[in-house]
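Comments concern the structure below.
We name chains A, B, ... by the order of the sequence lines, and we start the count at 1 in each one. Model, not experiment: these values are computed from the prediction.
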Amino acid sequence: MSTTDQETPLAVRGALLRFGGILALNDVNFDVEPGETFGIIGPNGAGKTALLNCVSGVYRLTEGNVDFFGERISGLPPHRISAKGLGRTFQNMEHFRRFKVLEYVMLGRMHEARASVFASVFAWPYMERLEREERSLAMELLEELGLAHLAQAKLSDLPYGVQKRVDIARALLGRPKVLLLDEPTSGTITQERTEVSRAIDMVSARGVPTVLVDHDVDFVSRHCARVLVLSYGKQVGVGSPAEMLARPDVIETFLGTPATS
Amino acid sequence: MTTGENTLEGQATNVEVPPEAPASGASTAGRPSGLRSSKGYRLLAPFLPWLAGALALVVFANTASPYVLLISGTVLIYAISAIGLNVVMGQAGLVSIGNAALMAVGAYTTAILAKEESWSAFPLPIIISGVIGGLLGLLIALPALRLRGIYLALATLALQFFVVFAGDRYQAESGLLSGVPVPPLSIGDRYFVPGRDFVLLLGAFLGLTILVVRAMSRHAPGRMWTAISESELAATAIGVNAARWKLAAFVVSSAIIAVSGSLFAYYNQIVSAETFTIEFAVVFIIILILGGMGTMSGAIVGSVIVVSLPYVLTRLTGTLPSDGIGEWLSNNIFYVNNGLYGLLVLVVLLYMPQGVVPSVTGLARRLAHRGADQPRSSDRPARSAARPAVAKGDDKPAVLEVEDLDVMYETGARAVSGLHLRVEANAIVAVLGRNGAGKTSTLRAVSGFLGTEQVRLRGHIRLEGKDVLGSSPGRTAAAGLVLVPERDKVFPSLTVEEHLRLATSGDYRPVLEKPHFHRLRERLDQPAGLLSGGERQLLALATAAMLKPRLLMVDEFTLGLAPVMIQEVARVIRGLRDEGMTVLLVEQNAAAALELADHVYLMEGGEVVAEGTPAEMADRVTMTSEVTS
């Protein structure tokens, strides 16, 4: 199969993922258009996060391809994919609890920084200047997200909604060409969700093509013109939120049985 | 310089949610803002701790007794080694017991080079030791790319056996069985023997080590290592090349440790394979655990404690009477000393799991923030006052009553807030909601599986009138509460029969007579691991039923089950209720729950948004589920 054209930020073709005897993903296909915020919805266990993990290289597709601006990225290790400009956030930030906010955001630039232990020791002034530039960029982003006053707070001390926004700042600092957002609303309360929503608007305003995965359908509908519905690893369909949510098979996906109404 | 370093790191962790407090001298200088910074102060600030430390060391070296100086030299060498080990263990989170071997490599290299006229000039042997150590670090790092935790630790131990063997052979062949002598360190025509000058020199080496490691941990490498130690997979997902940075950590760490070994050789003027035992390697892990993993000040404080403890002990026994207990102590000082280490490690692990330094700075921070924290806890009573303490004057007694329950994870995730829930006797109550609504957290809070350590719990949970909030799972189980969890509900290696036997001291067969558990009868000899998802659910319910619970809680029984099987399990649950059991279900599958329950709560974002009979709720569930609006 040939790669897709270079204009398409992200193209997933025939994605299939098998865990032992379980088909976590079964023939998933979609394109993300330039500047678009593309939604992926589905109930718990539908394979949404598995799909993101395949795109970002954490899992390896059993079959199928992922193309990034016409370049095949499926099969590459995650840090190489990330270096090409594919950013992502996490559903759970429990991995990085030891970090302070600013430090964590600065992780976002890692692949660009010409960092090495030798440079840090023997070219200290040069690295220090780079570091300062990165730090001020990170602060600008935090300011834009209204989080600048928390720069020195520990991540583990902050509410989930704030952690999710910090994670978005971290991903943005890497200047991603495509951004994957994994369940930005999970574990948040209503008010926090509004703030996360504003952060996503900020991402869209920058024109970064984004894939938004979430189980909150209202939330996804608000941000995306097109959504993909997943159910048990299978693609139920792709279309506008209104169109998709009117379909009986989609309703069934969410209610578990033929609709009662 | 050690004290200067301590306060500096202590302050850096000091910031909780400050408006714009400059964290430390160094970062004030790095940042453009900051009102109190006159130009001179800003230029000088980063050097102040260093100056203070150097001054303190000079004063110390000139005033301390020769005996104390002798010990201080060892402390400084251990501190350098521990800082090296800390790069791998504390920062990158990779367990290593290769410390003794790496020090031995540095020591032997130095012993051999110091004898050669052309190689012995300072600092050549020390530098070469470091380089060889770094190369060996590369070698150790190779298994580290694949192994983790205890397996990695054992792999690093392999180096220990090689090095000790090689050292033994070398000593045997050159006829130096009691050790390889090392000529004293000389710079120009100045000789260094343990004492004031050597302590100052070692202080300079420690300063250099701190400088180098700080340069790395303040910049990108430090962040990479932290990220890897937190979660390697997540780190690679955001672009960290884990393999490369793990390699770097091992190389840097091993080079530093080998340098400390080289200094160790010069200091003791003899190198013997007997010194570098596994116990010796473990001492450095103890140093890090005691002082505090991940901080350089912790490594230094740990070294001070571990090295000076035996001497302090000897001093103490000297002041005791020379007969009786005093005599016994001085005869057994070695064992007492080791016993004390063990005790110390235990106490630290139990009461200061992060180590001495972080605990002390953490305590200081808490004391400083105490005033600020107080108003926060007072918003609680106001809120519960707004609601009547007792919901309704119902005549039917409630088996479970949950009032104003808040569950907040330490990660900041708010799982449940202000929850009210009531389960009456002999009823099936269902809590509906989608993934992340807080259902499972509620169940876990009720059953006591949320240790109060990682979770903040508030409110009331009454089981037949008794408040069980914060009780252990054992206590709630004794009170008659049984939970069938979503996963791991059976023991895969035990057979069905063994499961049933576990649940009762009497005869388990009556339960199988019930029509709904018939299926299990044919499977008595099979290990539960071979059962289907539905059969596991049946087995878990049968075992739970035999415990005759006051309240049976079932978490997501439909998960992963085929529709037919859902129907069958639902029949079992209804059967149990008809026999008098009270059941609390937590479900995502609205259809199944509505069909089964007498009363339904709908949860969203950690709160109950609606409740009612299944008939009333059917519309509501359809409306609020993600499909419309």
Side-chain angles (χ1 to χ4, degrees), chain A residues 41 43-44 56-58 77-79 82-83 88 90 93-99 103 106-108 110-111 113 115-117 120-121 124 127 131-132 149-150 152-154 156-160 162-163 170-171 174 186-190 215-218 245 250-251 254-257 259-261, chain B residues 15-21 23 30-31 212 215-216 218-221 223-224 226-227 229-231 233-242 248 251-252 409-415 417 434-436 558-560 563 588-592 594 605-607 618-619 621-622 625-629:
Chain A
I41 56 177
N44 183 23
S56 65
V58 176
H79 66 270
S82 166
R88 71 164 290 170
F90 293 99
M93 299 254 305
E94 65 207 16
H95 312 304
F96 297 113
R97 301 182 37 172
R98 256 164 66 188
F99 276 97
E103 290 277 294
M106 285 171 69
L107 260 184
M110 290 304 74
H111 60 268
S116 78
V117 290
S120 286
V121 176
W124 165 265
M127 291 310 289
E131 187 82 2
R132 219 170 296 155
H149 61 292
L150 298 175
Q152 295 299 327
K154 245 172 94 182
S156 55
D157 291 338
L158 298 172
Y160 241 35
V162 176
Q163 291 185 13
R170 193 262 310 142
S186 75
T188 58
I189 57 174
T190 319
H215 58 260
D216 186 336
V217 177
D218 293 344
L245 296 177
V250 172
I251 296 174
F254 285 101
L255 289 183
T257 49
T260 40
S261 56
Chain B
V15 203
E16 216 169 45
V17 188
E20 210 173 297
R31 226 180 291 153
V212 165
M216 290 182 280
R218 291 242 150 175
H219 284 174
R223 284 197 294 273
M224 307 286 202
T226 310
S229 77
E230 298 273 284
S231 163
L233 194 66
T236 50
I238 60 175
V240 177
N241 185 345
V251 170
V252 168
Y409 287 91
E410 249 188 18
T411 54
R414 209 173 310 212
S417 58
R434 53 195 173 201
N435 187 20
T558 62
L559 205 74
Q588 284 196 59
N589 184 328
L594 288 174
E607 292 163 40
D619 294 339
V621 170
T622 336
S625 67
E626 32 268 87
V627 179
T628 45
S629 122

Which atom pair, heavy atoms only, marks the closest approach of [X] to [Y]?
X        : Y        : answer
B:Ala227 : A:Phe99  : N-CZ, 3.6 Å
A:Glu131 : B:Arg218 : OE2-O, 3.4 Å
A:Ser82  : B:Gly239 : OG-CA, 3.1 Å
A:Phe90  : B:Ala237 : CZ-CB, 4.0 Å

- Item | B:Ser229, part contacting chain A, at a heavy-atom distance under 4.5 Å | side chain
- Heavy-atom contact with chain A under 4.5 Å, split by part of B:Val212: both
- Message: Using a 4.5 angstrom heavy-atom cutoff, name the option from A:Val117, A:Val162, A:Val121 with the most pairs to chain B.
- Response: A:Val117
- Message: Suppose we screen for salt bridge (charged side-chain N to carboxylate O under 4.0 Å, His left out). Which residues come up paired with A:Glu103, at least two apart in sequence or across chains?
- Response: B:Arg223
- Item | Pick from B:Thr226, B:Val252, B:Val251, B:Thr558 with the largest number of heavy-atom pairs that fall under 4.5 Å of chain A | B:Thr226
- Message: Holding to side chain to side chain contact (heavy atoms under 4.5 Å, CB included), I want the full list of residues that pass it with B:Thr236, two or more places apart in sequence or in another chain.
- Response: A:Pro78, B:Leu233, B:Ala242
- Message: Rounded to the nearest 0.5 Å, what separates atom CE in A:Met127 from atom CE in B:Met216?
- Response: 12.0 Å
